[in-house]
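One structure is given below, encoded as structure tokens.
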Amino acid sequence: MLLGTVLVLLLAGAAPASAHAALRSTDPDDGSLVRQAPRHVTLTFTESVGLLDDSFRVFGPDQRRVHTGEATHADGRSDTARVGLPGKLAEGTYTVAWRVVSADSHPVSGAFSFSVGKRSATTGQIDTGPADDPLTRGLYDAARYLAYLAAALLVGTVAFALLCRPAHTAPLRRPLVAAWWTLLGSTAVLLLLRAPYEAGTGPAAAFDASALGRTLTGRPGLALLARLLVLLLTAAFLIWLSRRRDSVKRSVALAIGTVLAAALALTWAAAEHASAGIQVPVAMTSSVVHLLATGVWLGGLVALLLTLRRPSGDDLVEVVPRFSRIAFASVTVLAVTGLYQSWRGLGSLSALSGTSYGRLLLAKLAGVAVLLLVAGYSRRWTARIAAPAPARAVVPAPAAPARAVVPAPVPQPVGAPADGHEAAEGPGTGEPGTSGEGESPGEPESPDGPAGPGAGSGDPGIRRRLRRSVLVEVAVAAVVLMITTVLTGTLPSRAEAEAAQQAPVGALPPTTEITVPFDTGTDSVTGSGKVLVTLDPARVGENGLQAVVYGSDRGLVAVPEVRITFTLPSREVGPIDAELADRGGYWSTNSVNLPLAGEWTMKTTVRVSDVDQVSVERRVRVEP
């Protein structure tokens, strides 16, 4: 079969296109120094974003959180996020952590800083908000995977019954019911987990009534509600169809089923990747058509597998060719839409190996190659079942010798031995069951007679081999679809490149963090532990330096002195004393001048008492 080709495109279509909001600019600029305190913090994104209750967290120079107003859209623009600041801000550096939901339903977050009046020291210990909760994300991704599988099985099973018209549909009822209930349950779970998934909190937050209320007003929540409504209408349609099967025209059933399937696919396209990025109308249309073709093929393959398990399969010679034609049409649609979706998400060929999205896409293609290999075997056995039984030619008997004309037939006694004349008369009579030289009883009258059933339709060996091949296809397809689920949550290469190109001009390079373990040999809590040193920005010129001391119990500890010096052995520069000041919980300075680039030796001395101290050296790279 051609499931490999289908899943090629299932992955490309289910994978994200140019989605995930990228930060275009900030006001104030990242890393900027402003003379007067701003009244607002405004972010501008590459696409529309949704706001959360805790979309902004602003921290002052003392590392304490600053009271802010409610997050809103600036000037009514959906691609912006704004929060008001207090009227008076102290001088120093402020850190802004933000978290929003992009138009493709995935949460995105980040942080930046700006300074008012003068720059001040900051530490790497600021709580910039919750990260993704692994349990919530795992449950959410599992529910999305089940929803994809169930939707494909639901659409494909109904399409197989209506288009391929098997004689017995009873084997399809159980998977049909299971698919409906699975899709209903997974949709309900997605609806409940939506709020904690967006906020990055644990699953327990799913039962917060206020959070659920906010979910129901957002685009992803409304799409999930619409999916539940479509599922209820689908159940009513299936019940009506089962009760009036004989009286309902197939064209009417197909029309209603197509509308419901398209509405179901639209609940994905309207709230996920196709709804954001470039060419949204074309992408949404492509996504709906792609999901329908995927369901017809993938779900139909499962239905075919169940049909092959029937003890009697006299109708296979008709069902299998019908499904092959439908599969070919589905593959054609998937090829076109899948190519478009891949281009939309990837952006360039170099991104195949240079981005996480591209590497996942390569893994998907490897799985597809396996599927295509198995598909070749499936088509071999499909052709054997669909091939008509060969008609055998009738060899005429030798002509009878001439006989004298007599006025009347001469009767023969019953049981008398037959002579050559009697043997010669058999073939010329045209009576069924007679035989002559070169033919056997029951053969067709002529080579032009009607062909029998498919050569392999009743062969249990061929049917068994086809069942095994299709089963392997389904198993590999499930694995490839799992890769697809991971791919849907990965930042597309095109969006990643766009975010890199549009990064704020004033963005600071990342800080360098060095962990320095120490042990003075004493048994006290402060006698051993570690110092977390942050060097910002670790470049030539003036740098900020912060040092936080942790004791053996991993808690913050106060020590009499922390001293850090820098030496550049290759240029015989140093030692340069950082002259750290005790800030009441951490040690810092904002004026360490490192004049040359290279591998510096950072010597950290920790004194825990009047007589106990230890020095530890670490290598630090200072960029030009």
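Being a predicted model, the structure only gives us computed values, none of them experimental.
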Can you give me the closest heavy-atom contact between [X] and [Y], atom names plus distance?
| X | Y | result |
| --- | --- | --- |
| Pro28 | Pro38 | CG-CG, 3.7 Å |
| Thr515 | Lys530 | CG2-CD, 3.8 Å |
| Ala90 | Val116 | O-CB, 4.1 Å |
| Ser287 | Ala269 | OG-CB, 3.8 Å |
| Phe45 | Ala81 | CE1-CB, 4.1 Å |
| Ala71 | Leu52 | CB-O, 4.4 Å |

If I take atom [atom1] from residue [X] and atom [atom2] from residue [Y], how far apart are they, to the nearest 0.5 angstrom?
| X | Y | atom1 | atom2 | result |
| --- | --- | --- | --- | --- |
| Leu193 | Arg137 | CG | CZ | 12.5 Å |
| Leu153 | Leu183 | CG | CG | 10.0 Å |
| Met602 | Ile514 | CE | CD1 | 4.5 Å |
| Ile564 | Ser588 | CD1 | OG | 10.5 Å |
| Trp181 | Ser186 | CH2 | OG | 12.5 Å |
| Leu535 | Phe566 | CG | CZ | 5.0 Å |

Just so I know, are the side chains of [X] and [Y] near enough to count as touching, which here means a heavy-atom distance under 4.5 Å?
| X | Y | result |
| --- | --- | --- |
| Leu224 | Leu228 | no |
| Pro86 | Val66 | yes |
| Phe56 | Leu85 | no |
| Leu231 | Leu154 | yes |
| Leu266 | Met284 | yes |
| Leu260 | Leu233 | yes |
| Leu212 | Phe207 | no |
| Trp180 | Leu184 | yes |

Mark yes or no for whether [X], through its side chain, and [Y], through its backbone, hold a donor-acceptor pair below 3.5 Å.
| X | Y | answer |
| --- | --- | --- |
| Thr294 | His290 | yes |
| Thr136 | Thr201 | yes |
| Arg24 | Thr80 | no |
| Thr337 | Val333 | yes |
| Arg119 | Gly31 | yes |
| Ser113 | Tyr94 | no |

> Would Leu238 and Leu176 count as a side chain to side chain contact (heavy atoms under 4.5 Å, CB included) if you check the C-alpha gap in whole Å, the side-chain angles of each, and the deciding distance to 0.1 Å?
Replying inline: CA-CA 10 Å; Leu238 294 176; Leu176 187 64; 4.0 Å; yes
>> If the condition is salt bridge (charged side-chain N to carboxylate O under 4.0 Å, His left out), which residues does Glu623 pass it with, not counting sequence neighbours?
In response: Arg621
> With sequence neighbours left out, what residues match Asp62 under salt bridge (charged side-chain N to carboxylate O under 4.0 Å, His left out)?
Replying inline: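 Residues passing salt bridge (charged side-chain N to carboxylate O under 4.0 Å, His left out) with Asp62: none at all.
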> Just by distance, with hydrogens left out, do Thr42 and Arg82 show a side-chain donor and acceptor under 3.5 Å apart?
Replying inline: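 The answer is yes; a qualifying pair exists.
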> How about Thr215 and Arg194: does a side-chain donor come under 3.5 Å of a side-chain acceptor?
Replying inline: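 The criterion, which ignores hydrogens and geometry beyond distance, is not satisfied for Arg194 and Thr215.
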>> Would Phe114 and Thr26 count as a side chain to side chain contact (heavy atoms under 4.5 Å, CB included) here? Give the steps.
In response: CA-CA 10 Å; Phe114 66 93; Thr26 67; over 6 Å; no
> With Asp79, which residues qualify under side-chain contact (heavy atoms from CB on, under 4.5 Å), at least two apart?
Replying inline: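 Only Thr44, Arg77 meet the side-chain contact (heavy atoms from CB on, under 4.5 Å) criterion with Asp79.
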Quickly, which of [options] forms a side chain to side chain contact (heavy atoms under 4.5 Å, CB included) with [X]? Name it, please.
| X | options | result |
| --- | --- | --- |
| Val562 | Val548, Val549, Asp582 | Val549 |
| Leu580 | Val592, Leu545, Val533, Thr604 | Leu545 |
| Val96 | Asp30, Val58, Val83 | Val58 |

>> Please evaluate residues Asp141 and Tyr145 with respect to the criterion side chain to side chain contact (heavy atoms under 4.5 Å, CB included), reporting the C-alpha separation (whole Å), side-chain torsions for both, the decisive distance (0.1 Å), and the verdict.
In response: CA-CA 6 Å; Asp141 287 343; Tyr145 177 64; over 6 Å; no
> Is it true that the NZ or CZ of Arg144 lies under 6.0 Å from the centre of Trp268's six-membered ring and within 45 degrees of the ring axis?
Replying inline: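 No, Arg144 does not sit over the ring of Trp268.
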> Using 30° and 60° as the class limits, which term best fits the ring planes of Tyr197 and Tyr140: parallel, tilted or perpendicular?
Replying inline: parallel
>> The test is side chain to side chain contact (heavy atoms under 4.5 Å, CB included); show your working for Leu191 and Leu225 and say whether it passes.
In response: CA-CA 8 Å; Leu191 193 60; Leu225 277 179; 4.0 Å; yes
